[in-house]
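One structure is given here, and the rest of the page talks about it.
Source: prediction; values computed, not measured. In listed order, ligands and their atoms are each counted from 1.
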Amino acid sequence: MSTRATLSRRDLLRGRPHPEPGRARPPGVSKQSLSACTACGMCVDACPEHILHITKGLVALDPEAGECTFCGECAAACPEGVIAADGAMAHVMQISDDCLVKAGIACMTCRDVCPETAISMRPRIGGPFLPELDATSCTGCAACSAACPADAIHAVERVPENV
Ligand code: SF4
Ligand code: SF4
Ligand code: SF4
């Protein structure tokens, strides 16, 4: 977990420390191909969205840092063949109970930013509309997790046994 010098707006909204994030990978990186990563950082420098970093000696994608556009620059930059061109994310997003709506606060930020319309708002009696994420439509781009004011959206592995 990265150490934060100051409390973020998300931390203040949540009223408790930031949780340990899962390790998300760039698109087209499998668990097997990741083992060839030398942590050279060339993909990190190539990413125009600045969402890649090296952690614990391997490349990782920060789902809170921004949206992956699947431009393929990271794959083109990697000299080790770790990142497959036109590859998909091994993760999908999941909305946790930290969602502001669960606390009765209306928010549609994730629905509004999703480029795949994978998030819909379910009407309910006695509270604001609840966001629902369709994992089959989610590309793992992280636009929603980067935009969520409550840090309530996290990456989980889509098919753990095959990635
Ligand atoms: S595909 Fe493009 S935007 Fe996505 S992580 Fe790679 S370089 Fe960054
Ligand atoms: S360019 Fe390839 S080898 Fe270098 S850090 Fe990125 S994934 Fe690892
Ligand atoms: S990660 Fe999935 S749900 Fe979130 S904005 Fe991207 S496609 Fe939509």
(message) Heavy atoms only, cut-off 4.0 Å: how does Ile153 contact ligand 3, side chain, backbone, both, or neither?
(response) neither
(message) Heavy-atom distances under 4.0 Å decide this one: backbone, side chain, both or neither, for Leu52 against ligand 1?
(response) side chain
(message) Taking 4.0 Å as the limit for heavy-atom contacts, which would you say applies to Ile54 with ligand 2: side chain only, backbone only, both, or neither?
(response) side chain
(message) Any atom of ligand 1 sitting under 4.0 Å from a heavy atom of Gly72?
(response) yes
(request) Could you grab the distance from atom SG of Cys107 to atom CG of Asp112, nearest 0.5 Å is fine? (result) 8.5 Å
(message) I need the nearest protein heavy-atom contact for atom 4 (Fe) of ligand 3: residue, atom name and distance, please.
(response) Cys144 SG, 2.2 Å
(message) Side chain, backbone, both or neither: which applies to Val113 and ligand 3 if a contact is any heavy-atom pair less than 4.0 Å apart?
(response) neither
(request) Measure Ala142 to ligand 3 on non-hydrogen atoms and call it side chain, backbone, both or neither using the 4.0 Å cut-off. (result) backbone
(request) For atom 4 (Fe) of ligand 2, state how many protein N, O or S atoms fall inside a distance shorter than 2.8 Å. (result) 1
(request) Classify the contact between Pro27 and ligand 1 as side chain, backbone, both or neither, using a heavy-atom distance cut-off of under 4.0 Å. (result) side chain
(request) Pick whichever of Cys138, Cys110, Pro115 has a heavy atom sitting closest to atom 2 (Fe) of ligand 3. (result) Cys138
(request) Please determine if atom 6 (Fe) of ligand 3 has an N/O/S atom from Cys114 lying under 2.8 Å away. (result) no
(request) Spell out, yes or no, whether Leu100 and Val113 are grouped together once hydrophobic residues are joined by side-chain heavy atoms under 4.5 Å, including indirect joins. (result) no
Under 3.5 Å, side-chain donor or acceptor atoms of residues 66-91 against the rest of the protein: list the pairs with distances, not counting sequence neighbours.
unit_1 : atom_1 : unit_2 : atom_2 : d
His91  : NE2    : Gly140 : O      : 2.9

(message) What's the separation between atom SG in Cys144 and atom CD1 in Ile95, rounded to the nearest 0.5 Å?
(response) 7.0 Å
(message) On a heavy-atom basis, which atom in Leu34 and which in Leu58 lie closest, and how many Å separate them?
(response) O-CD2, 3.6 Å
(request) Name the closest protein heavy atom to atom 7 (S) of ligand 1, giving the residue it belongs to and the distance to 0.1 Å. (result) Cys74 N, 3.3 Å
(request) Give the residue and atom name of whichever protein heavy atom lies nearest to atom 6 (Fe) of ligand 3, and the separation in Å to one decimal. (result) Cys141 SG, 2.3 Å
(request) Take every heavy atom of Pro26, measure it against each atom of ligand 1, and state whether any distance is under 4.0 Å. (result) no
(request) Run through Met108, Arg124, Arg122 and flag the one making a side-chain contact (heavy atoms from CB on, under 4.5 Å) with Phe129. (result) Met108
